[in-house]
Protein chains: 2
Amino acid sequence: MAIRPAEQLIHKAAWLYYAHGLRQDQVARQLKISRASVAMYLRKARETGIVNISTSTQLFTDDVMARKLEDALKLDAVWIVPENGHVADPSTDIAVLAASVFLELIKKGDRIGVAWGRTIYTIADIMSYADLQDVTVVQLCGNLGAPYSYRPDQCTMEIARRLNAKGLNFYAPLVLTTEELARGLRAEPVIREQLSGISACNLALYSVGTVDADSHVVKCGALTASEMEALRRAGAAGVIAGQIIDAQGKALDCSYNRRIISAELSSLRKIEKRLVVVQEDSKFGPLVAAIAGGLCTHLVVGARMARRLLDHAGPAAEKVA
Amino acid sequence: MAIRPAEQLIHKAAWLYYAHGLRQDQVARQLKISRASVAMYLRKARETGIVNISTSTQLFTDDVMARKLEDALKLDAVWIVPENGHVADPSTDIAVLAASVFLELIKKGDRIGVAWGRTIYTIADIMSYADLQDVTVVQLCGNLGAPYSYRPDQCTMEIARRLNAKGLNFYAPLVLTTEELARGLRAEPVIREQLSGISACNLALYSVGTVDADSHVVKCGALTASEMEALRRAGAAGVIAGQIIDAQGKALDCSYNRRIISAELSSLRKIEKRLVVVQEDSKFGPLVAAIAGGLCTHLVVGARMARRLLDHAGPAAEKVA
DNA sequence: CACGGCTGTCGACAAAAGTCAAACCGAGCG
DNA sequence: CGCTCGGTTTGACTTTTGTCGACAGCCGTG
């Protein structure tokens, strides 16, 4: 009995407890183990996704503002977390909501593209476990040898681990020193395959990055602060999956963009559901650019950001009318 | 504050408790209500499907016998509930499992066909609540003015209620006295529309009925025991959605079948996922017939029944080989 | 306007679940 | 052969949760 009590017993305990509604001591008696063990098994069952507890995220879409935003920005769905004087900081709230929304959007057999960043890693970190063996999580861009714990491959792997899904990592650096080398690497069969597999995804998860000295690409050494400054003057408005975009949400025509290994924006746009999560208010500009470029269909933001987006879109919408 | 604490507060409480992992007293403090109220809200949240607790049914498909059955009978998925010396009776187990499987098979936007019977009603009765506004539950056959609480319309409605889905009832009797009247009624626009809408379903839930004096159609007075006996001699092997089928799973050519208002078997076969649940061992014959007729793609049965099916299919499979 | 009925709320208690240190058990190793 | 080590199991204890009866506000009604 001590050989492999794990799976089988955990399953049975979870089944009796959650599906049949038995008490822990009843389960213990039925399984002929102590109640303490049952409690432990149940915790494991929750941790491994054998049982799933999910809460409806409807509360956050019911907001009238969410509806208005959907209309104004032509998005499929918007979730807004209220920022009333809660004790907890709103950015955690946003991540928790994003994790729920993300899980809710996943279907069996899905292929999911994941980018990277602090926001994404936070989501991965608080996301509850699930048991989706037939799901694949693919990395959307090359890696950064960064001193961060939220490198692209880590984001992908952690999410795959949580979902009990297959993780497909990208074995290439995000940015190279010469355009030529990048071109060559992109032509490599392994890399090319991975890149072309991206448009086969039906769900993507990413955030947007800023284009100032605080940007991750700068912090990770992919660009210097002054190079970034120059790009900004040349029209850079945001960063998506390590790629610089302009205010229209198009890839900026610059050396940096030609030196990276990352999903083409056109591939991203082919993905049915593009979930964008933004925590920081400072990312307003980049977010507007991403939306303009059609890189977002599903959006999770805080109330303050939502209002700014609406104010921004409002006049434009009136102009059209 | 006493005006309508309902939805909004329940949602918030559920959110803080289940998604954020706060304790009930923390939630109470944040929402400025007593902990007792929080406990009550959480119960309501569970009851109304605002939070969903589901357990993986993998344990029951992992069975080697389940795999063999899938192969032998060409089914998409089989769940087998073990019948070891559990305290609980196995038929409840089957229903609990069937309810979980059923919920697991439902996707957003689905259209679900539901038949009737004791088994189906039991499933509806123990099924946990969910919050699927964009799902439609349609009744697969006409009604019986029966002294039972599991009339077709009740099965449909109860399931729709549990899922928070739209319920589409059939406003016609299951069986009429003359073929002519039945033909006329089927031609009625309302009825015809309902009937033709059945093949648009992508999930169906039904059981099978026996063709003896204990059959529901006999108990409900749709047929007398002697009429049934005659039909049985004429080749009747089972009942599906109030319709008599022969051993090949084809509709039996008989007056009774021409006098009923129910889904055509061909419409049922067009439904992508056909979940059949069988509790009683006595329904072996009818089940074999239903499977032979391609009326089943997903099956939930007890271990004893599974073994009989395998024994039955085994020789035939060998003969082919 | 007083009256039940209804619903939501609360405090207090009982029940259930979570947790921890200690015991246990088999496996591998010196 | 006896040892430690990693893991599981257990009983005892603490914390958390469920529930009950009582009370308070609101409503429609007589």
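Fair warning: this is a prediction, and the values are worked out from it, not measured in the lab. We name chains A, B, ... by the order of the sequence lines, and we start the count at 1 in each one.
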[X] [atom1] - [N] [atom2] separation (whole Å):
{"X": "B:I33", "N": "D:dG25", "atom1": "CD1", "atom2": "C1'", "value": "17 Å"}
{"X": "A:L16", "N": "C:dA16", "atom1": "CG", "atom2": "P", "value": "17 Å"}
{"X": "A:L31", "N": "D:dT9", "atom1": "CG", "atom2": "P", "value": "11 Å"}
{"X": "A:L22", "N": "C:dA16", "atom1": "CG", "atom2": "C1'", "value": "14 Å"}
{"X": "B:D25", "N": "D:dG18", "atom1": "CG", "atom2": "P", "value": "12 Å"}
{"X": "A:Q26", "N": "C:dA15", "atom1": "CD", "atom2": "P", "value": "14 Å"}

Classify A:K32 by what it touches in the nucleic acid, base, sugar-phosphate, or nothing, heavy-atom distance under 4.0 Å.
nothing
Who pairs with A:A36 by side-chain contact (heavy atoms from CB on, under 4.5 Å), at least two apart in sequence or on another chain?
A:S34
Results of side-chain contact (heavy atoms from CB on, under 4.5 Å) for A:K107 - residues two or more places apart only:
A:D110, A:K273, B:K107
N or O in side chain of A:S34 less than 4.0 angstrom from D:dT9 OP1/OP2:
no
Under 4.0 Å from OP1 or OP2 of C:dT9: is there any side-chain N or O of B:Y41 that close?
yes
Applying salt bridge (Lys or Arg N to Asp or Glu O under 4.0 Å), can you list everything that pairs with A:D125, at least two apart in sequence or on another chain?
A:R162
Which protein N or O atoms sit under 3.5 Å from an N or O of nucleotides 18-22 of chain C?
{"unit_1": "C:dG18", "atom_1": "OP2", "unit_2": "A:Q24", "atom_2": "NE2", "d": "2.7"}
{"unit_1": "C:dG18", "atom_1": "N7", "unit_2": "A:R35", "atom_2": "NH2", "d": "3.4"}
{"unit_1": "C:dG18", "atom_1": "O6", "unit_2": "A:R35", "atom_2": "NH2", "d": "2.8"}

Do A:Y129 and A:R161 get their side chains close enough for a donor-acceptor pair, meaning under 3.5 Å?
yes
Which pairs pass salt bridge (charged side-chain N to carboxylate O under 4.0 Å, His left out) with one or both residues in residues 94-106 of chain A, sequence neighbours excluded?
none
Which residues share a ring pair (Phe, Tyr, Trp, His ring centres under 6.0 Å) with B:F60, sequence neighbours left out:
A:W15
